Every structure is written in structure tokens, then in C-alpha cells.
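No hydrogens, no waters, no symmetry mates; every other heavy atom, side chains included, goes into these values. In listed order, ligands and their atoms are each counted from 1. Because the structure is predicted, anything quoted here is derived from the model rather than measured. Heads up: numbering here begins at 1 and tracks the sequence.
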Amino acid sequence: MCNHKNAGILSVGSAVPDKVLSNADLEKMVDTNDEWIRTMTGISERRIASEGEATSDYATKAAKVALDRAGIDPSEIDLIIVATVTSDMQYPATASIVQNALGCKNAAAFDLGAGCSGWVYSLAAANSFIKSGMYNHVLVIGADLLTRVTNWTDRTTCCLFGDGAGAAVVGPVGEGEGLLGFELGSDGSGANALCIPAGGSRQPITHEAIDAHMDKTHMEGREVFKFAVKIQGEATERVLAKVGLTVSDIDMVIPHQANIRIIDSAVQRLGLAQDKFFVNIHKYGNTSAASIPLALNEAVEEGKIKKGDTVVTVGFGAGLTWASGVMKWVY
Ligand code: UT7
């Protein structure tokens with residue numbers, strides 16, 4: 001047992017497939033067009049995993065980058081959390097597969113399912129494990145291959161999603177820096193608004209279910225949109241209030257990349273400059289639990305986040321869940 005009080009992100013990394021699916025490609029698959037997709041969602045293209053690849057492949061790649069950057073040996077990792085809704089198999093946990101691939105022989109491992117909020121939920125869990133003194137270094141990974149569960153005949157959803165992974169090494173940091181606070185929530189009354197109806201214990205897979213695309217993502221887009229617009233601003237304001245900060249203290253917001261109009265609504269509500277919201281949705285679409293760490297990694301790589309910055313991460317998704325976190329960047 002160790003006894004550290006504060007936890008922070010020590011490094012980040014990401015991985016995406018090479019294969020690009022553009023809006024022009026989608027025009028050939030369903031009745032849609034580039035202008036509708038870009039105007040209504042902000043997405044220009046997304047990445048698609050190749051046949052035979054799995055979520056753990058990208059989770060492992062992203063984690064390797066983060067481990068290298070932190071200069072931490074895999075044996076020093078005490079816990080791996082993989083936030084995902086597209087695990088390699090129904091069970092075991094994808095985190096166990098990642099543990100083996102990385103050689104993190106001293107690590108516990110579990111998956112966390114909170115939809116697109118999953119990575120921020122996992123970060124909050126890592127923070128608690130470290131603060132309690134139970135663990136020292138935790139790998140927090142968000143990884144999803146949503147295109148594996150996309151109904152490619154449904155134009156209302158198939159243009160939205162993409163594949164990828166992002167990872168962070170979380171460990172002990174000094175007083176007053178690192179992870180400052182979290183706001184997590186769920187409204188299960190919206191559980192059916194965004195789900196894969198078949199393939200679980202309620203409705204096992206049958207030929208009929210597959211023919212009806214019940215093994216793929218179903219979404220009440222409008223309902224989720226309204227929820228997202230409301231909760232994104234609220235969750236940001238609540239987490240700031242919890243740690244005694246205000247919107248004017250924010251240097252950078254890393255929002256879940258679901259729809260540029262949802263991000264723009266937060267820009268309006270919070271009254272922040274547009275460039276304080278990091279956006280990369282045009283390149284990757286909605287990558288679910290990977291979306292926030294993928295964006296965070298790019299923001300860091302582009303020098304948009306520096307030591308001492310106040311960074312807010314905010315996500316929402318299936319559940320319906322939401323999660324926000326605020327941190328003082330440590331490197
Ligand atoms: O990660 C968290 C989960 N997901 C989200 O956050 C997504 C939340 N929802 C959304 O982003 C939006 O609801 C969508 C982008 C999915 C849809 O935007 P919307 O403003 O809710 O549009 P809509 O579904 O009401 O559709 C407007 C029109 C409809 O035509 P009519 O009925 O007005 O004639 C649709 O049939 O746009 C049509 N439409 C399309 N047209 C061209 C729907 N999808 C397409 C498409 N291409 N791909």
C-alpha cells in the first residue's frame with residue numbers, strides 16, 4: 001500500500017485506424033450528402049478498423065504511447081481500466097486482454113461501461129484508487145470500435161461514428177495540481193434512447209434480431225441531442241462550483257465529440273471563446289469512450305495545453321450518463 005493524496009495525468013497517448021471513411025464514401029452507401037453531415041454534425045470523415053482488428057488492439061497502442069511518454073515500465077502499473085461499450089468479446093474484460101498485451105503483470109484490470117462518459121468515469125475511479133492509497137499508477141483507457149456495431153443502412157446513425165482509442169497514465173502528483181474534482185451522473189430513464197437492443201441477457205441474439213439490425217446501435221437522436229445540450233453546460237458548471245472555480249478560470253475544455261452543434265451550444269451557454277473548446281470531430285466523428293482522451297491527446301500534442309492550465313473534460317452518452325472533471329495540468 002502506498003499513501004499518496006493527489007493524482008494527476010502524467011501522460012497521454014492515442015491510436016486510430018489508418019483507414020478513412022469520408023462523407024463522399026458514405027454518399028455511395030446511404031441516401032445522405034456531405035453538406036448535410038458537415039452542417040448537422042461537423043463530421044467530414046471518420047476512421048474504420050480493419051477486419052480482424054479489435055478494441056484491445058487500439059487500446060494497447062494508445063496505452064504504449066502513454067507509458068513511453070511517462071517513462072513508466074508496464075510492471076509499475078497497478079490497475080488498468082478500459083472504458084468501452086465495444087469489448088473484444090462479451091467477456092472477459094478487454095482490460096485483461098490489454099494487460100496481457102502490455103505485460104502489466106502486476107496490474108488488476110476491469111472494463112467500465114458508461115457509454116461516451118466512460119473515460120471520465122474511469123478517470124474519477126483512478127483518482128479515488130490513488131487518493132485512497134490503494135494504487136499508485138493507473139492506466140485509464142477509452143477505446144471503442146463503434147463501427148462494428150453500426151447499422152450501415154441507417155443514415156440517421158451511420159454517418160456519426162468512428163473508431164479509436166486514447167489513454168492516460170494517472171499517478172501521484174503534488175499538492176494543488178492534477179485531478180481536482182468530478183461530477184458523475186446517470187438518468188436511467190433514458191436507457192433506451194441509445195442502446196444495442198439485442199445480444200444481451202434481455203434479448204439474446206437470434207437470426208430475426210440480426211435481420212432487424214437489433215444487434216446494432218439504436219439512437220433517438222433528437223432525445224439524446226436535447227439531453228446533451230442541457231447536461232454539457234450543467235455538468236461543467238457543477239464541477240467548477242465543487243472545486244471553487246468559475247468559468248473564467250478555464251483554459252481549455254475537452255468536450256465529448258458527438259456533434260459540433262452540441263459543442264457550440266456549450267460555447268454559447270458558458271460564454272467562453274470558441275478556441276477554448278478543443279474540437280477534432282471533423283476528423284474522427286463520435287468515437288464514444290475514446291473521444292475525450294483522443295481530443296485531449298491532440299490538444300497536448302498541438303501545445304494547446306501547458307503546465308498549470310485549468311482543463312475541463314465533459315462527456316455524456318448511453319445510460320444516459322454524464323461526467324465532468326476539472327484538473328490542473330501537471331506537465
Ligand atoms: O455520444 C452521444 C450520443 N450521440 C449524440 O450525441 C447524438 C445526438 N444527436 C444528434 O447529434 C442529432 O440528433 C443528429 C445529428 C443525429 C440528427 O440531427 P437532428 O437535428 O436531430 O435531425 P433529425 O434527426 O430531426 O433529422 C432532420 C432531417 C430529417 O428529415 P425530415 O424528416 O426533416 O424530412 C431526417 O430524415 O434530416 C434527415 N436526415 C438526413 N438527411 C441526410 C437524417 N439523417 C440524415 C442523413 N443525411 N444522414
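- Close contacts between ligand 1 and T41 involve ligand atoms 15 (C) [criterion: under 4.0 Å to a heavy atom].
- Only the side chain of W36 comes within 4.0 Å of ligand 1, judged by heavy-atom distances.
- Of all protein heavy atoms, the one lying nearest to atom 4 (N) of ligand 1 is M219 SD, 3.4 Å.
- Judged by the shortest distance from any of its heavy atoms, C159 lies inside the 4.0 Å radius around the atoms of ligand 1.
- Between the choices G115, G221, C116, the shortest heavy-atom distance to atom 9 (N) of ligand 1 belongs to G221.
- Within a 6.0 Å radius of CG in D211, other residues, nucleotides and ligands contribute more than 12 heavy atoms.
- The protein heavy-atom contact nearest to atom 11 (O) of ligand 1 is N259 ND2, 2.8 Å.
- Between Y121 and W119, the distance from one ring center to the other does not fall under 6.0 angstrom.
- Across T32, N33, L26, heavy-atom proximity to atom 46 (C) of ligand 1 is greatest for T32.
- At a 4.0 Å heavy-atom cut-off, ligand 1 touches L194 through the side chain alone.
- Using a 4.0 Å cutoff on heavy atoms, T157 does not count as a contact of ligand 1.
- Classification of the Y135-F129 ring pair by plane angle, with boundaries at 30° and 60°, yields tilted.
- When heavy-atom distances to ligand 1 are checked against a 4.0 Å cut-off, I37 has no atom that comes that close, whether in backbone or side chain.
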